[in-house]
*Asks:* 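This structure is in C-alpha cells; I'll ask about it shortly.
The shown structure was predicted, so the numbers you read here are calculated from the model rather than taken from an experiment.
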Amino acid sequence: MNTSSGPLHGITVVDISSSYAAPTTSMYLGDMGAEIIKIEPVRGDDARGWGPPFLNGEAAWFLSVNRNKKSLCLDIRGEQGREVLFRLLETADVFIENLNPAKLERHGLGLDALRERFPRLVICALSGFGIDGPDAALPGYDLIAQARSGMMSVTGDAGVPQRVSTALSDVAAGTVAAYAIAAALVRQQRHGVGEIIDVALLEADLAFMSPRIASFLAGDPEPRPCGGTDSVVAIYQTFRTSDRPIVVAVGNDKIWLHACAALGLDELAQRPDLATNAGRRARRDEVVDAFQSVLTTRTSQEALKTLQDVGVPCARINSLSEVVDDPQVEAREAIVSQEHPRAGVFRGVASPWRLGSQSSRAPRLPAPLRGEHGRDILSSAGFDDERIADLAEAGVVWVP
C-alpha cells in the first residue's frame with residue numbers, strides 16, 4: 001500500500017500499548033496510512049514472547065498485529081523517559097495506551113493531565129473494564145471479558161460454557177477503538193480539539209452480546225450454552241452430512257420454503273404452524289430432526305449444492321488449512337505476505353476492508369524488530385547523537 005494513498009496519511013500516532021487489543025487499533029490506523037510510533041519497554045512488547053510458533057525468534061502473534069509500525073524502546077517509568085514521550089506527543093495527533101488506570105497515575109500519565117498539556121491530542125485508553133467504575137483497576141484479558149460479558153454462558157455444548165477460541169475481545173475492542181479515533185480525528189482536523197476515548201474489553205464483548213441481552217431483557221428465559229444453534233432463529237446451526245458437518249441459516253420465511261423444497265420436505269413447507277420463525281422455534285427439535293434425516297444421507301458437497309442452487313445460505317465448516325486456501329479468500333487478497341528481516345516471509349490476515357484508491361493490501365512495513373527505529377525516531381524528535389547516547393547509557397532507551 002502506498003502511504004500517500006491512505007486516508008490517514010500525515011497522521012502521527014504514538015502507541016505505548018502492548019499485548020493485542022490496543023496494538024490492533026494502531027495497526028488498523030497504520031493500514032489506513034498513519035505513521036505509527038510503537039513505544040515498547042526496553043525488554044520489548046509482551047507479545048514478542050507469545051509462542052510458539054516462532055519464526056527465527058519472532059512470535060507469529062506479534063507479527064500478526066504489528067505491521068506498518070516503527071519501534072522505539074523507551075522506559076517511561078522515570079522522568080527522563082516521560083520527557084522523551086512528551087517530546088513525541090508534542091507533534092503527534094493520537095496517543096494510544098492500555099495501561100491499568102492506576103498505573104497511568106503512577107507513571108505521571110493521568111488522562112486529565114495529558115489532555116490539559118496536549119489539548120489537541122486524541123487520547124485513546126484501552127483497558128479491561130474502562131477508566132472508571134468499581135472494577136477499573138482490575139486487570140483484563142480476552143478470557144476475562146468473555147466470561148464477564150456472558151458470552152461464555154451461551155457458548156459451547158449444553159451445560160459446558162466455553163470461550164470463543166480466538167482473541168475475540170481484543171480484536172473487537174481494537175477495532176472499536178480505531179473507529180472512535182478516526183471519528184475524533186475528523187473533529188480534530190476541523191476544529192483543532194482533542195478527545196479522551198475510553199474503550200473497555202468488557203463493553204466490546206457486550207456489543208457482541210447485544211441481541212442476546214436484548215432478548216433476555218424483553219422476557220426470554222436465561223439462556224444456556226446451546227451447541228451452536230441460535231437462540232431466536234430456527235434453523236441457524238450445524239448439521240451432519242455423510243462426510244463432514246455443514247451450517248445452514250434459514251434467516252426468513254422465504255428461505256424456509258426454498259430449503260424445504262430443495263430437501264424434499266414439502267409437507268413441512270405446507271404446515272401453517274411452521275410458516276413463521278416463531279412457529280419453527282417452538283417446534284425446533286422436530287424441524288431440526290427432519291432436516292438432519294435428509295442431510296445425513298448426502299455428502300457435504302451434494303447438500304451444499306442443493307441448498308445453494310435455491311439461494312439457501314450454507315457453508316462447510318472450514319479448517320484453517322482450508323481457510324487460507326479458500327478461493328474467495330485468495331481472490332480478495334485477505335491473506336497478505338510480508339518480508340520480515342528476521343522471520344522471512346510471514347503470511348497474515350489483511351485489514352478487513354478494501355479502499356478503491358489503494359492498489360494493494362500488502363503492508364508498507366513488516367512488524368518491527370525490537371527498537372529497530374529508535375535512533376531515527378529520536379533524531380526526528382530533535383535528540384542529537386550525544387543525548388541519545390546519554391539516554392542509552394542511563395537505560396532510558398535501547399537502540400540496537
Side-chain angles (χ1 to χ4, degrees), residues 1 6-8 11 13-36 38 45-47 50 60-69 93-99 122-131 140-146 148-151 155 163-188 195-213 323 329 332-336 338 348-355 358 361 363-365 367:
M1 181 176 67
L8 295 184
I11 297 296
V13 178
V14 174
D15 177 12
I16 65 168
S17 70
S18 62
S19 299
Y20 214 88
T24 296
T25 302
S26 56
M27 180 180 70
Y28 283 166
L29 298 176
D31 289 347
M32 284 286 190
E35 179 183 30
I36 312 298
K38 179 179 179 65
D45 187 330
D46 289 346
W50 288 358
W61 270 63
F62 178 85
L63 297 175
S64 74
V65 78
N66 283 290
R67 62 176 177 256
N68 292 331
K69 302 180 186 182
D93 301 289
V94 179
F95 176 53
I96 298 173
E97 60 82 16
N98 67 343
L99 294 175
V122 173
I123 302 168
C124 183
L126 284 94
S127 59
F129 302 100
I131 61 178
Y141 282 91
D142 169 72
L143 174 64
I144 309 305
Q146 288 200 34
R148 287 198 57 172
S149 68
M151 188 177 296
T155 304
R163 168 183 175 265
V164 178
S165 187
T166 187
L168 184 71
S169 315
D170 294 326
V171 176
T175 304
V176 167
Y179 161 77
I181 289 171
L185 281 171
V186 173
R187 186 170 65 177
Q188 180 202 69
E195 182 63 272
I196 294 178
I197 297 168
D198 177 10
V199 176
L201 268 65
L202 173 60
E203 290 166 35
D205 279 0
L206 288 178
F208 277 125
M209 290 297 294
S210 178
R212 304 302 297 269
I213 291 173
V323 171
V329 171
R332 296 278 296 173
E333 297 181 324
I335 304 292
V336 293
Q338 52 188 278
V349 178
S351 50
W353 63 79
R354 300 183 71 168
L355 299 180
Q358 296 175 348
R361 303 177 84 179
R364 304 189 315 276
L365 299 171

*Asks:* Does Glu35 have any salt bridge (Lys or Arg N to Asp or Glu O under 4.0 Å) partners at least two apart in sequence or in another chain, and if so, which?
*Replies:*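 Glu35 satisfies salt bridge (Lys or Arg N to Asp or Glu O under 4.0 Å) with Lys70 only.
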
*Asks:* Would you say that Leu201 contacts Tyr141 through its side chain, given a criterion of any heavy-atom pair below 4.5 Å between the two side chains?
*Replies:*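 A side-chain contact is absent here, since even the closest heavy-atom pair is not under 4.5 Å.
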
*Asks:* State, to 0.1 Å, how close Lys38 and Ser17 come at their nearest heavy-atom pair, and which atoms those are.
*Replies:*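 Closest heavy-atom pair between Lys38 and Ser17: NZ-O, 3.7 Å.
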
*Asks:* Asn98 side chain to Ser18 main-chain N or O, any donor-acceptor pair under 3.5 Å?
*Replies:*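 Pair found, side chain donor or acceptor close to backbone of Ser18.
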
*Asks:* My understanding is that only residues two or more places apart in sequence, or in another chain, count here; which of them pass side chain to side chain contact (heavy atoms under 4.5 Å, CB included) with Gln338?
*Replies:*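 In terms of side chain to side chain contact (heavy atoms under 4.5 Å, CB included), with neighbours along the sequence ignored, Gln338 is linked to Arg67, Phe346, Pro363, Pro366.
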
*Asks:* Which heavy-atom pair separates Phe129 from Glu203 by the least distance, and what is that distance?
*Replies:*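 Answer, listing the atom of Phe129 first, then Glu203: O-OE2, 4.4 Å.
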
*Asks:* Do the side chain of Arg163 and the main chain of Thr166 share a donor and acceptor less than 3.5 angstrom apart?
*Replies:*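 Answer holds: yes.
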
*Asks:* For residues Met151 and Leu168, determine if any side-chain heavy atom of one lies less than 4.5 Å from a side-chain heavy atom of the other.
*Replies:*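 In short, these two side chains touch, coming nearer than 4.5 Å.
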
*Asks:* Between atom CE of Met32 and atom CG of Asn68, what is the distance when rounded to the nearest 0.5 Å?
*Replies:*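 Reported value, rounded in 0.5 Å steps: 12.0 Å.
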
*Asks:* Looking only at heavy atoms, which two atoms of Leu126 and Cys124 are closest? And how far apart?
*Replies:*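 Taking every non-hydrogen atom into account, CD1-SG, 3.5 Å.
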
*Asks:* Can you confirm whether Val349 sits close enough to Ile335 that some side-chain heavy atom of one is under 4.5 Å from a side-chain heavy atom of the other?
*Replies:*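 Counting from C-beta outward, Val349 and Ile335 do come under 4.5 Å.
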
*Asks:* Short question: side chain of Arg332, backbone of Arg354 - any donor-acceptor pair under 3.5 Å?
*Replies:*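 Judged by distance alone, no pair lies under 3.5 Å.
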
*Asks:* Kindly write out the residues that satisfy side chain to side chain donor-acceptor pair (under 3.5 Å) with Gln146, not counting sequence neighbours, or none if the list is empty.
*Replies:*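 Testing Gln146 for side chain to side chain donor-acceptor pair (under 3.5 Å), a comparison that skips the adjacent residues, returns Asp142.
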
*Asks:* Determine all donor-acceptor pairs shorter than 3.5 Å in which one atom belongs to a side chain in residues 21-29; sequence neighbours excluded.
*Replies:*
from  : atom 1 : to     : atom 2 : distance (Å)
Thr24 : OG1    : Tyr20  : O      : 2.7
Thr25 : OG1    : Gly174 : O      : 2.8
Ser26 : OG     : Asp15  : OD2    : 2.6
Ser26 : OG     : Pro23  : O      : 3.2
Ser26 : OG     : Lys69  : NZ     : 2.8

*Asks:* Can you find a pair of side-chain heavy atoms, one from Leu355 and one from Pro7, that are under 4.5 Å apart?
*Replies:*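 They are in contact (side-chain heavy atoms under 4.5 Å apart), so the answer is yes.
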
*Asks:* Which residue pairs pass the side chain to side chain donor-acceptor pair (under 3.5 Å) test when at least one of the two sits in residues 170-187, sequence neighbours left out?
*Replies:*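 Listed once each, the pairs are Arg187-Glu195.
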
*Asks:* If the condition is side chain to side chain contact (heavy atoms under 4.5 Å, CB included), which residues does Ala180 pass it with, not counting sequence neighbours?
*Replies:*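 Only Ile197 meet the side chain to side chain contact (heavy atoms under 4.5 Å, CB included) criterion with Ala180.
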
